Amino acid sequence: MKPRFEPGFSDLAAALRTAQHVCVLTGAGISAESGVPTFRDAQQGLWAKYDPHQLATPEAFEEDPELLWRWYRWRRDLVAKADPNPGHLALAKLAELVPRLTLVTQNVDGLHQRAGSHGVIEFHGNLFDDRCHAEGCVIVHDQRAEVPVCPNCGAHLRPGVVWFGEAIAETALNESFAAAADCSVFLSVGTSSLVYPAAGLVDIARENGAIVAEINPNPTLNSGNYDFAIAANAGVALPELVESLLN
Ligand code: APR
């Protein structure tokens, strides 16, 4: 049967069949089918009047930590009610079918892990971590205070995500760059490729000889630079890719 996503789908499947190391970068698009809203989607309800690009900053937190915590608790509730979708599940399965797979995600929702993926590199942190805003340490226990404080130093705790203007954790950065440089196939899924340094991983992969491919129903700024750009939803194309590897 002819695959539905030509051009490129069978070439990508063939490349995956012989790949020694696959590096996958995911973005908000893979969680869209789980109903998780992105920053670039309109905010809903009470939060519609706020610009997330201004809220998700250290400056906004320092100015009004209560407001930020109310927003993040709303986001945590939304994500807690969402479930991994067939796209997340297919990537967990793909890891079992290739010799090595590195999964780098810009998402902070933890849905890859809930789908069964291991060793996920969370480029932008995790929504459910509480981190000391002064020292950066992650505090595991959940506090009920409107603005929780660090039990070690008394500074405000904040959600463990990377805000606009903040640096990516060094380990995540180093591991992702190394995986992009080492992989034989680089797959970018559901990201608009607007936010660096994550958007630069594909260039590292291409410069080091990897086959690079994108799965996104809409063209991105990078689409023209991929060997294969599969215009499809992740929740449909990824399970079909995995299926084609099994046959
Ligand atoms: N399957 C695959 N891709 C999809 C789907 C789908 N079902 N639905 C939407 N998309 C694509 C959109 O076409 C878009 O290109 O997902 C992309 C989502 O883009 P963004 O909302 O810009 O998300 P992302 O690229 O992850 O953003 C990067 O910016 O918002 C900040 O820090 C935040 O980590 C985030 C970063």
Side-chain angles (χ1 to χ4, degrees), residues 4-5 8-9 12 24-44 47 50-58 60-61 68 71-72 75-76 78-79 82-91 94 103-112 115 120-129 131 158-169 172-173 176 186-203 213-226 228-242:
R4 284 190 287 149
F5 309 119
F9 185 87
L12 175 57
V24 184
L25 171 69
T26 63
I30 194 165
S31 293
E33 289 162 83
S34 294
V36 178
T38 73
F39 277 9
R40 273 168 265 279
D41 286 337
Q43 295 292 296
Q44 300 154 5
W47 298 102
Y50 294 99
D51 175 1
H53 293 91
Q54 279 170 14
L55 269 192
T57 61
F61 179 73
L68 268 266
W71 186 45
Y72 275 97
R75 288 171 61 85
R76 282 180 177 181
L78 266 174
V79 170
D83 290 314
N85 66 57
H88 297 108
L89 295 166
L91 284 180
L94 182 61
L103 178 52
V104 183
T105 188
Q106 297 168 90
N107 300 341
V108 296
D109 55 31
L111 288 176
H112 284 303
V120 180
I121 301 175
E122 295 185 301
F123 213 73
H124 292 161
N126 190 298
L127 183 60
F128 296 95
D129 283 345
R131 195 148 57 77
R158 52 169 284 177
V161 299
V162 178
W163 282 327
F164 291 107
E166 291 187 320
I168 307 296
L173 204 59
S176 308
F186 182 91
L187 187 55
S188 172
V189 183
T191 174
S192 57
S193 302
L194 290 173
V195 178
Y196 281 81
L201 289 174
V202 60
D203 299 320
E214 168 181 78
I215 296 179
N216 195 316
N218 305 306
T220 66
L221 287 180
N222 263 337
S223 296
N225 296 327
Y226 286 99
F228 314 117
I230 313 290
N233 284 348
V236 178
L238 285 171
E240 208 146 313
L241 260 183
V242 164

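First listed ligand is number 1; within each ligand, the first listed atom is number 1. If you're wondering where the values come from, they're calculated on a predicted model, not measured in any experiment. Only this structure's heavy atoms are used, side chains among them; waters, hydrogens and symmetry mates stay out. Position 1 is the first residue of the sequence; numbering continues from there.
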Before signing off on this row, confirm whether [X] and ligand 1 have an N or O atom pair separated by under 3.5 Å.
| X | result |
| --- | --- |
| Asn218 | yes |
| Thr191 | yes |
| Gly190 | yes |

Nearest 0.5 Å please: distance from the [atom1] atom of [X] over to the [atom2] atom of [Y].
| X | Y | atom1 | atom2 | value |
| --- | --- | --- | --- | --- |
| Asn216 | Ile230 | CG | CD1 | 11.5 Å |
| Arg76 | Asp109 | CZ | CG | 13.0 Å |
| Ser193 | Leu25 | OG | CG | 7.0 Å |

Around [atom], find the nearest protein heavy atom and jot down its residue, atom name and distance.
| atom | value |
| --- | --- |
| atom 32 (O) of ligand 1 | His124 ND1, 3.4 Å |
| atom 1 (N) of ligand 1 | Ala234 N, 2.9 Å |
| atom 14 (C) of ligand 1 | Asn216 ND2, 3.8 Å |
| atom 6 (C) of ligand 1 | Gly29 O, 3.3 Å |
| atom 31 (C) of ligand 1 | Arg40 NH2, 3.4 Å |

Donor-acceptor contact below 3.5 Å, side chain [X] vs main chain [Y]:
| X | Y | answer |
| --- | --- | --- |
| Thr57 | Gln54 | yes |
| Ser188 | Glu214 | no |
| Asn85 | Gly87 | yes |

Please work out, at 4.0 Å between heavy atoms, whether the side chain, the backbone, both, or neither of Gln106 comes within that distance of ligand 1.
both
Part of Asn233 within contact of ligand 1 (heavy atoms, under 4.0 Å)
both
Minimum distance, heavy atoms only, to atom 4 (C) of ligand 1: which one of Gly125, Ala32, Pro217, Ala28 is it?
Pro217
Do Thr26 and Val104 make a side-chain contact, defined as non-hydrogen atoms from C-beta onward lying under 4.5 Å apart?
no
I would like to know whether Val24 and Leu91 meet side chain to side chain contact (heavy atoms under 4.5 Å, CB included); could you show each step before the answer?
CA-CA 9 Å; Val24 184; Leu91 284 180; 4.0 Å; yes
Does Leu194 come within less than 4.0 Å of ligand 1, judged by its heavy atoms?
no
Do Arg158 and Trp163 form a cation-pi contact, if we require the NZ or CZ to be under 6.0 Å from the six-membered ring centre and within 45 degrees of the ring's axis?
yes
Gly27: numbered ligand 1 atoms lying under 4.0 Å from its heavy atoms:
26 (O)
Short list, please: which atoms of ligand 1 are under 4.0 Å from a heavy atom of Glu33?
1 (N), 6 (C), 7 (N)
